[in-house]
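Note on naming: letters A, B, ... go to the chains in the order of the sequence lines (proteins, then strands), and numbering restarts at 1 for each one.
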Amino acid sequence: MTVRVRMAPSPTGFLHVGGVRTFLFNWLFARGRAGECLLRIENTDTSREVAESVEQIERSLRWLGIDWDGPTRFQLDRMERAQAEARRLVAEGAAYEDEGAIRIRMPDEGVTAWEDAVKGRIEFPNAQLEDLVLVRSDGRPTYNFASPLEDWLDGITHVIRGDDHVSNTPKQIVVLRALGAEPPVYAHVPNVLGPDGRKLSKRHGAVSVDEFRAAGYLPEALMNFLALLGWAPDGETTIMSRDELIARFSLERVGSSPATFDYQKLDWMNGVYLRALSPEEYADRLVAYLREQGYDWPEERIRAAAPLVQEKIERLGQFPGFAGFLFHDVEPDPALLDGRMLVEAERALAAVEPWTAAAIEGALKRLCEELGEKPRTVYQPIRVAVTGSRVSPGLYESLELLGREESLRRLRVARERAPAAA
RNA sequence: GCCCCCAUCGACUAGCGGUCCAGGUCACGGCCCUUUCAAGGCCGUAGCGCGGGUUCGAAUCCCGCUGGGGGCACCA
């Protein structure tokens, strides 16, 4: 039997990483088994907000590298079929009308159980189940009716969803059996929590895929990180390509306890991916990212600056703060300047020929010897004067890129602002 | 209140009765390298929630407790 799963976001706002993690598991599972993965929007209305939200969801999934088979489906499209099925259940005696709504009869005794692919056997006492509304008095099917019905109609073989659906499952199983359908395999994956142990939400930081994109995370890094939230191929491997994730993913190895989203680890992992990029690819991504974020800085200069930062930043979003001095003037803190050093640096650099990182290095090292000072003593005022910060890319390369004229100009301006030189 | 699920370092996890005085990664601390910051290398701190069983032997199995989480809608 061909595996067929579905990703079922509700069109409320943006795509939440917790939900994406669940979709990712669906997708990895299907792709690793030559199966199909559908995208189904669980909507109950068709407002414009829904349409926009759907576009947003599709865009976020595509960016991450998660694709789906066939057109996006909408739960509401099955409304008439749902009503017909409900009427059929009434006719068959499995359901009944109640103040305009249709309710299904739940068994009163025994248990409803299933073998969960990640949690093992789960049993629910039937006495716990109330007669569930299938179709509201206004004619719209409820979620617990529409969802399993569509799973059946779409031939879904595995329902991989969040933990919070565990208690819906027995109801859906009863619905499916009444319909004459065989329930799919259920796999309930644990939820993703924030650092404080509560459900991951905006107060913890970024939560929508779009926010991670805007912050300069790489989709492959985010995918790798998300895959490891509740799943591990073994105890050692952490960095895995998309293909490796697909090849190794299995529901059996999904854990059953909730996982905490660790922003620091994501940052580290993103840095690993960033550093692993070829210089050309890195520059391409950086340029694309900055364009997307609305920076109109010259592409050639961005490309030239890329190698200076590749080893240094772990999110592309750090680029403007870290290397922005190459694109605009700076405001050095006078307290960090040293008039004497700046005068000496200006003199030494004015004579450098040609203006290359290597020659600049030679000149500055000679200066240190002449002055009998440690490099850090000599370099810091220069760094601050030229980059506006005590933290920057390599000094020689930065000076080279800035150009002699601009470098000397910044040194001069800074010297004038420095505390009275001795 | 009732029902369901979960429980290994601060975090993600490996471990599916002995090979574990518990391994890997992030974070943290120290050292090295070093023009700042990173990166990299080396070393280190740190964990089986508690109590009973079962067993020659338990992180691993069973029961209870405690602690988390989720659910009990004509929401999804």
Nucleotide forming a Watson-Crick or wobble pair with C56(B), both distances under 3.5 Å: G18(B)
Nucleotide of G70(B), G24(B), C74(B) approaching Val133(A) most closely (side-chain heavy atoms): C74(B)
P gap between A58(B) and U19(B), integer Å: 11 Å
Sugar-phosphate only, base, or nothing, as touched by Gly394(A) at under 4.0 Å among non-hydrogen atoms: base
Nearest to side-chain heavy atoms of Phe124(A), which nucleotide of C3(B), A76(B), U13(B): C3(B)
Heavy-atom donor-acceptor pair, Lys365(A) side-chain to U35(B) base, under 3.5 Å: no
Pairwise C1' distance, G40(B) and G23(B) [rounded to whole Å]: 23 Å
5'-most by nearest nucleotide on RNA chain B - Glu361(A) or Ser257(A): Ser257(A)
Length of the line joining Asp164(A):CG and A73(B):P, which is rounded to integer Å: 16 Å
Distance-only side-chain donor-acceptor flag, His16(A) / Ser201(A), under 3.5 Å: no
Any-strand Watson-Crick or G-U partner of G1(B), both distances under 3.5 Å: C72(B)
Check: Ser392(A) side chain, C37(B) base, donor-acceptor under 3.5 Å: no
Candidates A27(B), U35(B), A14(B) - which lies nearest the side chain of Ala232(A): A14(B)
Sugar-phosphate only, base, or nothing, as touched by Ser137(A) at under 4.0 Å among non-hydrogen atoms: base
For RNA chain B, the residues among residues 95-106 of chain A that have a non-hydrogen atom under 4.0 Å from it: Asp98(A), Glu99(A), Ala101(A), Arg103(A)
Nearest-angstrom distance from the residue atom CD of Gln75(A) to C1' of A76(B): 8 Å
Sugar-phosphate, base or nothing in reach of Arg253(A), heavy atoms under 4.0 Å: sugar-phosphate
Asp163(A) versus His188(A), side-chain donor and acceptor atoms under 3.5 Å: no
Base-pairing mate for A11(B) - Watson-Crick or G-U, with both contacts under 3.5 Å: U25(B)
Of the listed nucleotides A38(B), C26(B), C2(B), the one nearest the side chain of Glu311(A): A38(B)
Pair Tyr295(A) and Phe327(A), ring centroids less than 6.0 Å apart: no
Sugar-phosphate only, base, or nothing, as touched by Phe225(A) at under 4.0 Å among non-hydrogen atoms: nothing
Glu58(A)-Thr72(A) side chain donor-acceptor pair, cut-off 3.5 Å: yes
Contact under 4.0 Å: Arg21(A) side-chain N or O vs C12(B) OP1/OP2: no
Separation of atom CZ in Arg140(A) from atom C1' in A76(B), rounded to whole Å: 11 Å
Salt bridge (Lys or Arg N to Asp or Glu O under 4.0 Å) partner of Asp154(A), chosen from Arg73(A), Arg6(A), Arg4(A): Arg73(A)
Side chain of Arg275(A) (C-beta onward), nearest among A39(B), C6(B), C74(B): A39(B)
Closest nucleotide among C4(B), A76(B), G70(B) to the Asn144(A) side chain: A76(B)
Pairwise distance CG(Leu229(A)) to CG(Asp262(A)) - rounded to 0.5 angstrom: 9.0 Å
Length of the NZ-P vector between Lys119(A) and A7(B), whole Å: 8 Å
Distance below 4.0 Å between Arg315(A) side-chain N/O and A38(B) OP1 or OP2: no
Quiz item: Arg383(A) side-chain donor-acceptor pair to U35(B) base, under 3.5 Å: yes
Complementary nucleotide for C37(B) - Watson-Crick or wobble, under 3.5 Å: none
Sugar-phosphate, base or nothing in reach of Leu229(A), heavy atoms under 4.0 Å: sugar-phosphate
Arg59(A) atom CZ: more than 12 heavy-atom contacts under 6.0 Å: yes
Exercise: do Trp114(A) and Asp116(A) side chains pair donor with acceptor under 3.5 Å: yes
Residue Ser167(A), side-chain heavy atoms: nucleotide from A11(B), G23(B), G71(B) that is nearest: G71(B)
Shortest side-chain distance from Glu236(A), nucleotide among G23(B), A76(B), C12(B): G23(B)
Donor-acceptor contact below 3.5 Å, side chain Asp234(A) vs main chain Thr237(A): yes
Selection from C3(B), U35(B), A27(B) that lies nearest to any side-chain heavy atom of Gln264(A): A27(B)
Touch class at under 4.0 angstrom, heavy-atom based, for Asn191(A) against every strand present: nothing
Closest-nucleotide 5' rank along RNA chain B - winner of Leu228(A) and Arg376(A): Leu228(A)
Parallel, tilted or perpendicular, as decided by the 30° and 60° cut-offs, for the rings of Phe225(A) and Phe261(A): perpendicular
Parallel, tilted or perpendicular: rings of Trp231(A) and Phe249(A) (30°, 60°): tilted
Gap between atoms NE2 and P, on His188(A) and C6(B) respectively (whole Å): 12 Å
Closest nucleotide among C72(B), C3(B), C12(B) to the Lys171(A) side chain: C72(B)
Partner nucleotide, any strand, of G49(B) [Watson-Crick/G-U, under 3.5 Å]: C65(B)
Nearest-Å distance for atom pair CG/P, residues Leu132(A) and C74(B): 8 Å
For atom CZ of Phe25(A) and atom C1' of C12(B), their distance in whole Å: 12 Å
Side chain Asp262(A) and base A27(B) donor-acceptor under 3.5 Å: no
Polar side-chain contact Lys312(A)-U36(B) base: donor and acceptor under 3.5 Å: yes
